[in-house]
2 protein chains.
Amino acid sequence: MSTDVVSGEPSRLRADARRNRERILRTALRHFSQHGIDASLDDIAREAEVGAGTLYRHFPSREALLAAALEGRQKELLGGAQQAREIADAGAALSAWLAALQDYLRSFNGLPAPVLAAVKQQGSPLCLSCNALVALTGEFLDRAQQDGHARRTVTANELFLSALGLAWVLDRAETCGTSRQALEKVLAHGYLSTPPDVAPDGGASGASQVG
Amino acid sequence: MSTDVVSGEPSRLRADARRNRERILRTALRHFSQHGIDASLDDIAREAEVGAGTLYRHFPSREALLAAALEGRQKELLGGAQQAREIADAGAALSAWLAALQDYLRSFNGLPAPVLAAVKQQGSPLCLSCNALVALTGEFLDRAQQDGHARRTVTANELFLSALGLAWVLDRAETCGTSRQALEKVLAHGYLSTPPDVAPDGGASGASQVG
DNA sequence: ATGCTATATGGAGACGGTCTCCATATCCAG
DNA sequence: CTGGATATGGAGACCGTCTCCATATAGCAT
């Protein structure tokens, strides 16, 4: 185990292997961007001038390749999170985070699906980052709840899944007569006009962690 | 040459053709139920004891077969709509309709995707029923808005798309630590606790445009 | 019945995607 | 330079979609 945790990971690779890995990754990024997450893996291998076997050796599954190709975008998202953290108003911070999250989820067409899959089944290469995403959502949600901006009965998981659903709809429907803002607003305020949580029992504690 | 194209539709089929059509439909219903909307069409043909060509002659695309297989469920849904109509409270009626809609969308795993696709692009065999679904949603939403139960700025399209997103999430995540009810509640009330639509000034008209 | 033709059928096969396997090529430590 | 560990490519197995057309059949006219 001489894997360098700090420098990323692939240090024990032979020089040619590392070169190929990079080529594949660059090509994959382009193809996923252009054709969505269902881009043909053999096409990617071909255009990276690499055999299919080589691609599959480096990235055993589509998800693994996807996860690797998303690394850059994830760093951007983390940057967005940091920026959001610096916003004083907790409501605005939450909103900024959710916007950044939406942007991330739109990196590739169809991305919401594997992300959702990763949320539910452990073991996916996307899973680690997904858990981080839920945790971050929880962080901003907590803050907003403490400040009274967010409803206390909403959990991080629920909010994250709802955001995923929204991203999924937008992924394929943005141009169909309904704008992103409008749907975001529905998610923010709901469709009912009844008072938010008017809990019969004075729901005290709240802000429980997400399981 | 051509017989009356004018008349309705599938009565002009030869007896054997009609028999095969039924076999295919029955088998498809079973397969879609068991394996989701991605069930293998050739498998369906095989189990219906019919050549692949026969299946494709009757149902040129997966969506066409899907639409036909859904007919029964659609009738049920329409029944549900009728029941909802008879509910006096507009909010409860809307809620009942949305519940029925969710049930319908769970007829087959993965159904939300082709439904969303049908919403945006005309010409899909599912399109007709989809338009009806949006219209029905509008009907119940209108009522609820008149009674003050639903926020006035929400449109039928927005609500329907949001419901689709919810169905999509539930389709693949119900068991992952978050319940259907919880997500429905988020959709109903939003995640914010700020007042619903209260305009800064007592603006009455409302109904701000949407993209 | 019988013939006749529009209609319907089956299934072979083209196509394209995923993924595996392993003989061969390449790297690099000693 | 060399040997063994590592990496490579691409042929090909497998599976799903969908088309094409020689053949079979229903059902009308006779």
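On a predicted model such as this, the values are computed, not experimentally measured, just so you know. Below, read A as the first sequence line, B as the second, and so on, with proteins coming before strands; counting in each chain starts at 1.
As rounded to whole Å, 11 Å separates atom P of C/dA8 from atom CZ of B/Arg18. The separation between B/Leu66 atom CG and D/dT17 atom P is 13 Å, rounded to whole Å. Per the geometry, CD1 belonging to A/Ile44 stands 12 Å off C1' belonging to C/dG17, to the nearest Å. Rounded to an integer number of Å, the gap from B/Leu55 CG to D/dT17 P is 10 Å. Distance A/Arg12 CZ to C/dC28 P: 11 Å, rounded to the nearest Å. For the pair B/Leu41 CG and C/dG11 P, the computed distance is 18 Å after rounding to whole Å. The distance between atom NE2 of A/His31 and atom P of C/dG17, rounded to the nearest whole Å, is 12 Å. Here D/dG10 presents its P atom at 11 Å from CD of A/Glu49, a figure rounded to the nearest Å.
Put simply, the side chain of B/Asp42 and the base of D/dC15 share no donor and acceptor less than 3.5 Å apart.
The side chain of B/Ser40 places no N or O atom within less than 4.0 Å of a non-bridging phosphate oxygen (OP1 or OP2) of D/dC15. Within the structure, a side-chain polar atom (N or O) of A/His58 is placed less than 4.0 Å from OP1 or OP2 of D/dT8.
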N/O donor to acceptor pairs below 3.5 angstrom from side-chain atoms of residues 22-29 of chain B, sequence neighbours left out:
residue: B/Arg23; atom: NE; partner: B/Ala48; partner atom: O; Å: 3.2
residue: B/Arg23; atom: NH2; partner: B/Ala48; partner atom: O; Å: 3.4
residue: B/Arg23; atom: NH2; partner: B/Glu49; partner atom: OE1; Å: 2.9
residue: B/Thr27; atom: OG1; partner: B/Arg23; partner atom: O; Å: 2.8

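The side chain of A/Val50 sits closest to D/dG9 out of D/dG9, D/dA7, D/dG16.
Backbone-only engagement by A/Asn20 is indicated by non-hydrogen atom pairs under 4.0 Å involving sugar-phosphate atoms exclusively. Within 4.0 Å of A/Thr54, counting heavy atoms only, lies at least one base atom of the nucleic acid. Within 4.0 Å of A/Arg62, counting heavy atoms only, lie sugar-phosphate atoms of the nucleic acid but no base atom.
Under 4.0 Å is where a charged nitrogen must lie from a carboxylate oxygen, and between A/Arg19 and A/Asp16 no such pair does.
Among B/Leu101, B/Val154, B/Val134, the one residue that satisfies the side chain to side chain contact (heavy atoms under 4.5 Å, CB included) test with B/Leu159 is B/Val154.
In this pair, A/Phe140 and A/Trp97 present their aromatic rings parallel. The plane angle is below 30°, not in the 30 to 60° band.
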Dump the pairs, protein N or O against N or O of nucleotides 25-28 of chain D, anything under 3.5 Å, distances to one decimal.
residue: D/dT25; atom: O2; partner: B/Arg14; partner atom: NH1; Å: 3.0
residue: D/dT25; atom: O2; partner: B/Arg14; partner atom: NH2; Å: 3.3
residue: D/dA26; atom: O4'; partner: B/Arg14; partner atom: NE; Å: 3.3
residue: D/dG27; atom: OP1; partner: B/Ala15; partner atom: N; Å: 2.8

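Of all heavy-atom pairs between B/His149 and B/Gly91, the closest is ND1-N, 3.5 Å.
Remark: the A/Gln74 side chain and the A/Tyr104 side chain contain an N/O donor-acceptor pair separated by less than 3.5 Å. For the residue pair B/Arg85/B/Gln82, the side-chain donor-acceptor check at 3.5 Å is satisfied.
Closest-nucleotide positions on DNA chain D for B/Asp43 and A/Gly51 were compared, and the one nearer the 5' end corresponds to A/Gly51.
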